[in-house]
Amino acid sequence: MTTLQSPASGSGDPKASGPTRAAARGQAPPPGVDWPDARWGRGLRAGKSSGSAGAGGRGTMDSRGGGGAGRPGRRWLPPVSFLLWWLLAAPGVRAAGYKTCPTVQPDMLNVHLVAHTHDDVGWLKTVDQYFYGINNDIQHAGVQYILDSVLAALLEDPARRFIYVEMAFFSRWWRQQTNATQDAVRKLVHQGRLEFVNGGWVMNDEAATHYGAIVDQMTLGLRFLEDTFGSDGRPRVAWHIDPFGHSREQASLFAQMAFDGFFLGRIDYQDKQAREKKLDMEQVWRASASLNPPTADLFTGVLPNIYNPPENLCWDVLCADKPVVEDPQSPEYNAKELVSYFLQLASTQGRYYRTNHTMMTMGSDFQYENANMWFKNIDKLIRLVNAQQANGSRVNVLYSTPACYLWELNKAQLTWSVKDDDFFPYADGPHMYWTGYFSSRPALKRYERLSYNFLQVCNQLEALVGPEATKGPYGSGDSAPLNEAMAVLQHHDAVSGTSRQHVANDYARQLSAGWGPCEVLVSNALARLSGSKLDFAFCRELNVSVCPPSRRPAPFQVVIYNPLGRKVDQMVRLPVSEGTFLVKDPNGKTVPSDVLVLPSPPGQEQTSELLFSASAPALGFSIYSVTRIPSRHPKARTQQYDPKKSNRQVLAIENEFIQATFDPDTGLLMGIRNKEQNLVLPMSQGFFWYQASTGDKESSQASGAYIFRPERPQPLPVSRWAQVRLVKTALVQEVHQNFSAWCSQVVRLYPGQRHLELEWTVGPIPVQDDWGKEVISRFDTPLKTEGQFFTDSNGREVLRRSRNYRPTWRLNQTEPVAGNYYPVNTRIYITDGDVQLTVLTDRSQGGSSLRDGSLELMVHRRLLADDERGVGEALLESESGQWVRGRHLVLLDSARNAAAGHRLLAEREVLAPQLVLALGRGVPYRPGTAPRTQFSGLLRELPPSVHLLTLAHWGPGMLLLRLEHQFAVGEDSGRNLSSSVTLNLQDLFSAFTITRLQETTLAANQPLASTSRLKWTPNTGPVSYAAPSKLDPTSVTLQPMEIRTFVASVQWKEFS
Ligand SMILES: [Zn+2]
């Protein structure tokens, strides 16, 4: 919990001695650069949009302030190349990226050597430890030295090339360089000798990530490149060489970011064998079932050796392979042998690919700290191998890059097979399914999702209020640190839960540090919009009923901010001290409220919670006031039922839409009825645990942070029955189930709610019996589901899963549980065609349906062994993270109505209303301004099929706007929500007027109109490449699942 006091903290931030916004605005363009006009963001806001500052939020002092002495870790960029693509990316001019590619030999096998380093943004060491090369006893790795060393090696020989991927590291290094070094790097980038690949802030995980956060982190990284290098630095190729399985949505997003191709490292070992045989290592991935091809088509290649160099050819300081020895007099002479080995290797590898080109990744984790070792040996290898051409060799080896390799494939003009499923789950051996990390570190996974929610609130308020949000009565507010922390969290060892414990703690620290400046921003914005400076208080621990301000006896106000484009109703629940309360809505009308005295374990203090039903308008807020009335006893109404002494009376909770019944003998949920649609589904829901394998005679593989391997396929129940208490008031009905000392659940219904809420609490998972445990919540129903179930892909489109089956190869199922687990980011469902049971999650989890009619989600895991994938620690989570609370939202619907329910509910769950408490009465924001208790940023609500994905600051007077159709083709037949929808953007927002609108690619790094992607021919028939139609801001149409991205110049309106 943090509080922000308006008058006391004053208006000035003592640290803010750096360049002001005015200074940034007033900066003259560099000589020779003509500003096209101001529409694309002339000048940038200090420190932010320039992709600044991994350091910004973390307070490091490594800024050299690209143009002035900024405050620590901040700077504004000279926007030199910021607008270059306006000049270079005009239609008809091919952007840099291919024209600098090396020449190849058309009638030979061309081996493209790609010199690269894979720099994890945290894993065994923290981000800062990796950057600076600290804790080298854990792992020898120092990114700053890698970049120094590569730069020197590239300058030595113009033939050499290198690629770089992770902008979280590169941008930090860049800021520490002299002008001369930066110029040298710009030249290398322009010449194609240093190529940026992927270009996200991190190489994000694909299983535990939400699409909104993926888009944000890619936008941040690509923005840095665009600002720094213009179109020269724009990556053409997406590069996910290490993530542990690949989602279809990721490919769709990359396609919409205008990438020309995508390369992967890890796919299932059986899949890879089949592909090598069928020459399907490279395909066109049709990554959306809704978007018209080729919108989500992405050429995708599987690398031959994950991302490692071929055996015996690792010439890094971290490797032990023999360098090339050319001197025949030396007893170590090996050149001849090496050349024939290489020629053999090249032709073997080349056989699995369809063109006369093949790629070898020359590098690995944190390599090239002594780049000379690598480059010197590759130089020799290239010279020696190509010298054999004089003797008839048909192998040509060259320094290349993924983009240049892709360019050759494209020129081959072949017809490619099409993939339309995904690459989950990933296994690298028969008992080695990487499906544990879908659920690892559930507390961190929730914190990440909650931070996504808060970041969007922060971004929106910054956009609605304009400059006064960042400089206001509470000091300097800033969304950049949380934006950067969230980007870091998307890394494939961060939100995946596969880092070491101290690194996971550091990820949480980065998020926490990011929340602070956003809380300041939100306070500034709320004061501005409400016209009243209040003492705002943020309760970060409301999920566990901790919020000291609401427990004080003094009156307080509750600001409910709604980040959705439609009004929401929300049951507000706040911990209070005992008493009776008077709650008034924004119009001063009393609203019904209730105080619940919650059941608590014997010996613990009882908690009271105040409940009242509130609502908040679209993209806006309502302010409710709460006053404690002395006297009278609180209305405590809880009943306890002990199933053992049951009188066999069925327990039930219900509202106008749903009834849930509980077995009087066991206390378990036994049925749900949808009263509106007249559906009844008997079911049993309970908690079970898989005994984690520590290896057996079949395989030594243990369950660990990455890998899920249960000892036996049947999980054990946590308890066969639950001790039950019933809570019923006018505002809520709850059944509290206690399964064991470490596992409990509240099943809850509020009035007006069409879903059942299951709030589970699990942990600390006991392991004194020396068994690691993987805990699931399982729903068993009589639905005839014929081996099928459905899971979402990064929270967006939904994929059909079939038990013990893969769509593109004949599966030999060796792990009947782990081999059927899939990532669930927001939802999983089962259906018999008529009735659908959907469970929404509040974070990413692993899930499956292992028997017909059954559905399970892994909520927590605690393990005693390491799974030998490098992390070197058991997933014990002894401190924070061992005790986890979360929610499953359960929907029972007819199949035809189901999408309308789960799409809109998932949207609400991901972007939930933000509560801010305000103590005291406050003072006017400006003398004479009247307080405002309600505000909406929209002139009219968005239709239900439209999701406001992004509304954020982009530059001075500029906003980034993304609108999304959140239904798939044919998904909703009941309410016609799958139809296309047209909006008038000119007349949508109340807080500002859009003076100019530019449509861009998904990551906003290039205007859509001048974007050109390489064209590929799929074997399913030709696709038509339609030119983007002219943008009319008054009539913007969204097709099912379409996301449209805009940069808008705006003028904020004055509020009275
Ligand atoms: Zn990695």
Side-chain angles (χ1 to χ4, degrees), residues 54 114-131 133 135 138-143 146-147 163-170 196-209 214 217-218 221 237-247 250 262-267 302-303 305-309 314 316 318-319 361-369 402 423-424 426 428 432 434 436-438 440-441 444 448 487-500 502-504 506-507 704-707 823 866-873 875:
V114 173
H116 82 107
T117 179
H118 175 67
D119 297 346
D120 290 307
V121 182
W123 179 41
L124 308 182
K125 308 204 288 188
T126 66
V127 184
D128 286 67
Q129 289 165 358
Y130 274 135
F131 181 77
N135 279 2
I138 296 177
Q139 180 186 12
H140 189 99
V143 175
I146 293 173
L147 288 164
I163 61 166
Y164 201 77
V165 178
E166 297 86 3
M167 291 309 113
F169 285 132
F170 186 86
F196 295 105
V197 176
N198 213 62
W201 202 245
V202 301
M203 182 186 294
N204 65 252
D205 174 57
E206 299 188 36
T209 39
I214 294 175
Q217 83 87 7
M218 287 302 302
V237 164
W239 182 257
H240 272 199
I241 54 173
D242 196 24
F244 333 123
H246 300 279
S247 72
Q250 181 76 52
F262 182 22
F263 292 98
L264 316 171
R266 300 181 184 275
I267 66 165
V302 180
L303 296 172
N305 195 26
I306 307 183
Y307 56 91
N308 297 307
C314 185
D316 196 74
L318 300 169
C319 301
T361 41
M362 306 304 274
S364 193
D365 292 4
F366 296 97
Q367 294 198 358
Y368 286 79
E369 195 172 311
F423 287 103
F424 282 122
Y426 166 59
D428 55 355
M432 302 161 176
W434 297 45
Y437 80 98
F438 300 164
S440 295
R441 299 194 187 278
L444 185 66
E448 183 274 337
V488 167
L489 261 285
Q490 308 311 310
H491 167 60
H492 57 269
D493 293 303
V495 70
S496 58
T498 55
S499 72
R500 286 214 171 154
H502 82 281
V503 179
D506 187 67
Y507 287 135
Y706 302 88
I707 286 175
D866 174 54
D867 53 9
E868 299 193 319
R869 291 303 181 283
V871 74
E873 267 182 11
L875 189 70

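Remember, it's 1-based here, ligands and their atoms both numbered in the order they're listed. Excluded from the calculations below are hydrogen atoms, water molecules and symmetry mates; all remaining heavy atoms, backbone and side chain alike, are included.
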K.L.:
Sorted by chain and residue number, which protein N/O/S atoms are under 2.8 Å from the Zn ion (ligand 1)?
P.N.:
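Atoms qualifying: His118 NE2, Asp120 OD1, Asp242 OD2, His492 NE2.
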K.L.:
Take atom CD in Glu873; do more than 12 heavy atoms of anything else shown fall under 6.0 Å from it?
P.N.:
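Yes - once you tally the heavy atoms of other residues, nucleotides and ligands closer than 6.0 Å, there are more than 12.
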K.L.:
Looking at His502 and Thr126, what are the two nearest heavy atoms and their distance?
P.N.:
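The answer is CD2-CG2, 3.9 Å.
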K.L.:
Which heavy atom of His246 sits nearest to which heavy atom of Gly265, and what is that distance?
P.N.:
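That closest heavy-atom pairing would be NE2-N, 4.4 Å.
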K.L.:
Verify the ring-centre separation between Phe170 and Phe196: is it less than 6.0 angstrom?
P.N.:
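Here the rings of Phe170 and Phe196 have centres that are less than 6.0 Å from each other.
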K.L.:
Hey, what's the ring geometry for Phe244 with Trp434, parallel, tilted or perpendicular (30° and 60° as the breaks)?
P.N.:
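Taking Trp434 first and then Phe244, their aromatic rings sit tilted (interplane angle of 30° to 60°).
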K.L.:
Please check: side-chain N/O of Gln217 versus main-chain N/O of Val202, any donor-acceptor pairing under 3.5 Å?
P.N.:
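Yes: the side chain of Gln217 pairs with the backbone of Val202.
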